[in-house]
There are 2 protein chains.
Amino acid sequence: MGKGEETRDSILDTALDQASLVGLEGLSIGDLAKKTGLSKSGLFAHFGSKEALQVEILRTAMRRFAKIVVAPAQRQAKGIDRLRALFENLLDWTEKGGIRGGCIFLAAAVELDDREGLAREFLVETQQIWLRTLAKAVQRTVREGDLGVGVDSQDFAYEIHGIYLAYHQAKRLLHDLGAKGRALRAFETLIANNR
Amino acid sequence: MGKGEETRDSILDTALDQASLVGLEGLSIGDLAKKTGLSKSGLFAHFGSKEALQVEILRTAMRRFAKIVVAPAQRQAKGIDRLRALFENLLDWTEKGGIRGGCIFLAAAVELDDREGLAREFLVETQQIWLRTLAKAVQRTVREGDLGVGVDSQDFAYEIHGIYLAYHQAKRLLHDLGAKGRALRAFETLIANNR
DNA sequence: GAGTTGACAGCACGACCGTTCGTTTTATTA
DNA sequence: TAATAAAACGAACGGTCGTGCTGTCAACTC
């Protein structure tokens, strides 16, 4: 890995953390330069535009998400174990990933939903992949017999996603200490109701 | 209503709409002045600071939410009818309220969750009131016999909230046309599973 | 209808924004 | 080690940001 790539990666590490705190738009290049010890123009040259930087931040987040949430779950047996692993890894993936702010995908989702551009497109793709991953795990669980045959995998994936969203808000906005317990309970209830 | 108040209200109408599109932080006073036909300083004088403006925007949103979502539901019979009305009114309250962007409370939630200040405090209060309102409606539904006695009203409120969050994201970010149907289905399933 | 209050405009402030450019330093390769 | 390419810097650009201050004109009060 050349010097350039190395710098670029360390910029993106800092940028991801910072963006999780202040958002993709709230992130400023000058501030990021100060935090990484680079000059503004030197940092800028790595990406060419702020939008490109935002896309790269999202790409970095996605890779980290894949490593922390998805990959470990793939090592579980197909079916309910894998589905549960996906959900449980999801709950504190940002902490495990060294990201101080909340889930950047959720922040970006509301930040970008009324804009257009490459960052939005990238995010939409990412979210769809995640929902498909979840739905596939559900489908597999049905096939393994741990969920009833009437279960719609897409509906089910959305409901799991909803539990995560509510959990995230309760934890980060309301500082609700019972948030995680409630999320886990909601997940298990959902499973139990659909056997 | 004096002239000042009138202007203030019309500023806040525009500001709420705009903030729903670009966020509370993304909203700029200069741009808002242009849109309302005022000078920047003239508009600014109404609030004294950007943070105060943000709080007033949230207050405006809360009032509109109460009028569109909560008030009509209060006219329904206590119990399942009222609970269902709350949920269904919720789904497109922004459209009915003439707000072009998404639900400003959700946008603000992720924008403010790592900040501190009056806007955050106001939002937290608002969200807690809403969750309590929801939980009370659930409780009442249990008492009326339309939900089982084992139902935890707080848990149940959070699950409903989660359905809304997933719906909102599917609709606004993914432009998923099936989002509303899925949300309504999820709600009815939740009810049916807890009778 | 005169006097007082409040609403608003105009202008300026320092700070910071993303972006460009030319130059200098540092790495890589021959 | 010399030649070449890549990386980073410093200064500057035109703009916009939120926020003051001062003056003027319109709206209310008596």
Side-chain angles (χ1 to χ4, degrees), chain A residues 1-16 18-19 21-60 107-108 111-112 114-120 122, chain B residues 1-58 60 107-108 111-112 115-120 122:
Chain A
M1 183 162 59
K3 175 101 189 331
E5 247 180 298
E6 212 167 299
T7 317
R8 200 184 124 104
D9 283 4
S10 92
I11 291 173
L12 285 172
D13 279 351
T14 308
L16 172 53
Q18 193 62 16
L21 292 170
V22 300
L24 285 173
E25 209 60 37
L27 178 70
S28 100
I29 292 176
D31 185 62
L32 189 54
K34 220 169 285 175
K35 284 195 166 63
T36 51
L38 287 171
S39 70
K40 210 163 51 136
S41 55
L43 186 147
F44 185 82
H46 280 275
F47 305 98
S49 74
K50 189 174 183 183
E51 187 178 31
L53 168 62
Q54 293 173 333
V55 172
E56 292 313 308
I57 291 175
L58 287 174
R59 198 191 309 280
T60 305
E111 216 178 333
L112 302 178
D114 285 310
R115 281 183 240 264
E116 43 187 46
L118 297 175
R120 183 191 205 284
F122 185 88
Chain B
M1 185 160 61
K3 175 106 188 340
E5 248 180 298
E6 212 167 301
T7 316
R8 200 183 124 103
D9 283 5
S10 91
I11 292 172
L12 285 172
D13 278 351
T14 308
L16 172 53
D17 182 56
Q18 193 62 16
S20 80
L21 292 170
V22 299
L24 285 173
E25 209 60 37
L27 179 69
S28 98
I29 292 176
D31 184 62
L32 189 54
K34 221 170 281 174
K35 284 193 165 66
T36 51
L38 288 170
S39 72
K40 210 162 53 135
S41 56
L43 186 148
F44 186 80
H46 279 276
F47 305 98
S49 75
K50 189 175 182 182
E51 187 178 31
L53 168 63
Q54 293 173 332
V55 172
E56 293 313 308
I57 290 175
L58 287 174
T60 305
E111 216 178 333
L112 301 178
R115 281 181 239 265
E116 43 186 45
L118 297 175
R120 185 191 203 283
F122 185 87

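Letters go in sequence order (proteins before strands), and every chain restarts at 1.
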Original post:
Contacts to DNA chain C from residues 27-40 of chain A, heavy-atom cutoff under 4.0 Å, which residues?
Top reply: A:L27, A:S28, A:I29, A:G30, A:K40
Original post:
Could you state the CG-P distance from B:L43 to C:dA7, rounded to the nearest angstrom?
Top reply: 13 Å
Subject >> Interatomic distance, B:E51 CD vs D:dC17 C1' [rounded to whole Å] >> reply: 17 Å
Original post:
Got a donor-acceptor contact below 3.5 angstrom from the A:Q18 side chain to the A:L27 backbone?
Top reply: no
Original post:
Stepwise, does the side chain to side chain contact (heavy atoms under 4.5 Å, CB included) test hold for B:I11 with B:F47?
Top reply: CA-CA 11 Å; B:I11 292 172; B:F47 305 98; 3.9 Å; yes
Original post:
A:F44 CZ to D:dA12 C1': how many Å, rounded?
Top reply: 15 Å
Original post:
Got a second to check how far B:L12's CG is from B:L16's CG, nearest 0.5 Å?
Top reply: 8.5 Å
Original post:
A:S41 has a side chain; which of C:dC21, C:dG10, C:dC8 sits nearest to it?
Top reply: C:dC21
Subject >> OP1 or OP2 of D:dG18 under 4.0 Å from side-chain N/O of B:K50 >> reply: yes
**OP:** List the steps, then state whether salt bridge (charged side-chain N to carboxylate O under 4.0 Å, His left out) holds for A:E6 with A:K3.
**Re:** CA-CA 5 Å; A:E6 212 167 299; A:K3 175 101 189 331; over 6 Å; no
Original post:
Starting at CD of A:E5 and ending at P of C:dT28, how long is that distance when rounded to a whole Å?
Top reply: 11 Å
Subject >> Short N-O contact, B:E5 and B:R8, less than 4.0 angstrom >> reply: no
Original post:
Closer than 4.0 Å, any side-chain N/O of A:H46 to the OP1 or OP2 of D:dA8?
Top reply: yes
Original post:
In Å, rounded to the nearest 0.5 Å, how long is the span from OG1 of B:T60 to CG of B:L53?
Top reply: 9.0 Å
